[in-house]
Every structure is written in C-alpha cells, then in structure tokens.
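As structure tokens, the structure follows; a few thoughts come after it.
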Amino acid sequence: EEITMKRRTDGIHAGGRTPLYKNENMTERAFLVELLERYESTTQEELAKQYNVSRQTIYRYLRKAKEVNENGRQLPV
C-alpha cells in the first residue's frame with residue numbers, strides 16, 4: 001500500500017522554499033542591506049555557496065535590493 005500526500009484544497013500555498021532572510025532570522029530589509037555589502041567583496045557564485053542556493057537565486061535577491069535602493073527607499077537601516 002502506497003501512501004501519498006493529498007493536495008491541499010484550502011487555497012493555501014504550501015510549496016516552495018522559505019525566503020533566505022527568514023532562514024537567517026532577519027528582516028527582508030536587513031538581509032538585502034547585508035547582501036549588497038557582501039556583494040562588494042564577493043562574487044555571486046561565492047554568495048550562492050554561502051547561502052546554499054543557486055547563482056540565479058542570489059541574482060534575484062541582488063536585483064531586488066538594487067531596485068529598492070534605486071526607487072528612493074534607502075536601504076541602510
């Protein structure tokens with residue numbers, strides 16, 4: 001007898017990975033600030049290894065951090 005997980009039918013998304021800032025127990029803003037600071041001295045590949053994610057994931061977070069910074073919302077806490 002094979003046991004399979006039932007699909008959620010209550011409308012709540014249960015899949016996906018938790019955001020990196022939650023894994024680091026930080027606010028999103030603080031995480032983005034720290035990520036930009038680290039990026040000044042390391043490569044995307046090195047950051048990906050530190051956070052155990054892909055380079056594409058790091059790229060997405062860096063792009064978000066830069067957009068937030070450019071839109072006038074100052075990142076430094």
Side-chain angles (χ1 to χ4, degrees):
E1 180 176 314
E2 187 177 329
I3 299 173
T4 58
M5 295 288 291
K6 296 274 186 194
R7 182 177 177 167
R8 287 188 76 137
T9 57
D10 56 2
I12 298 173
H13 176 67
R17 185 179 184 141
T18 56
L20 288 180
Y21 60 90
K22 287 189 178 180
N23 291 339
E24 299 291 319
N25 292 324
M26 302 171 82
T27 64
E28 183 177 16
R29 181 181 208 165
F31 173 76
L32 294 176
V33 169
E34 181 180 293
L35 187 64
L36 281 176
E37 288 173 355
R38 286 185 177 187
Y39 185 53
E40 290 175 4
S41 60
T42 57
T43 65
Q44 287 183 16
E45 189 171 354
E46 291 169 337
L47 286 171
K49 285 180 184 176
Q50 287 175 5
Y51 290 108
N52 197 27
V53 296
S54 68
R55 280 186 304 122
Q56 292 83 357
T57 300
I58 291 295
Y59 175 77
R60 271 187 250 131
Y61 277 100
L62 287 169
R63 187 175 63 197
K64 184 173 185 175
K66 290 175 184 176
E67 285 175 3
V68 168
N69 202 15
E70 288 173 2
N71 286 338
R73 290 190 282 162
Q74 292 299 317
L75 279 179
V77 180

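These numbers come from the heavy atoms of this one structure, side chains and all, not from hydrogens, waters or symmetry mates.
The shortest distance between side-chain heavy atoms of Tyr39 and Glu34 does not fall below 4.5 Å.
Atom CG of Leu35 is separated from atom OH of Tyr21 by 13.5 Å, given to the nearest 0.5 angstrom. Here the straight-line distance linking atom OH of Tyr51 with atom OG1 of Thr57 works out to 13.0 Å at 0.5 Å rounding. For the atom pair CD of Glu37 and CG of Leu32, the computed distance is 11.5 Å after rounding to the nearest 0.5 Å. Atom OG of Ser41 is separated from atom CD of Glu46 by 8.5 Å, given to the nearest 0.5 angstrom.
Between Glu28 and Lys64 a salt bridge is recorded (basic side-chain N to carboxylate O distance below 4.0 Å).
Annotation: side-chain contact (heavy atoms from CB on, under 4.5 Å) contacts of Glu45 (sequence neighbours excluded): Thr43, Lys49, Arg55. Partners of Tyr61 by side chain to side chain donor-acceptor pair (under 3.5 Å), not counting sequence neighbours: none found.
Residues Ala30 and Thr27 come closest through the heavy atom pair N-OG1, 3.1 Å. Of all heavy-atom pairs between Gln44 and Leu62, the closest is CG-CD1, 3.8 Å.
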I'd like to know whether Met26 forms a side-chain contact (heavy atoms from CB on, under 4.5 Å) with Leu20, so could you lay out the CA-CA distance, the side-chain angles of the two residues, the decisive distance to 0.1 Å, and finally the verdict. CA-CA 9 Å; Met26 302 171 82; Leu20 288 180; over 6 Å; no
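Of the possible polar contacts, one joining the Thr42 side chain to the Arg38 backbone as a donor-acceptor pair under 3.5 Å is found.
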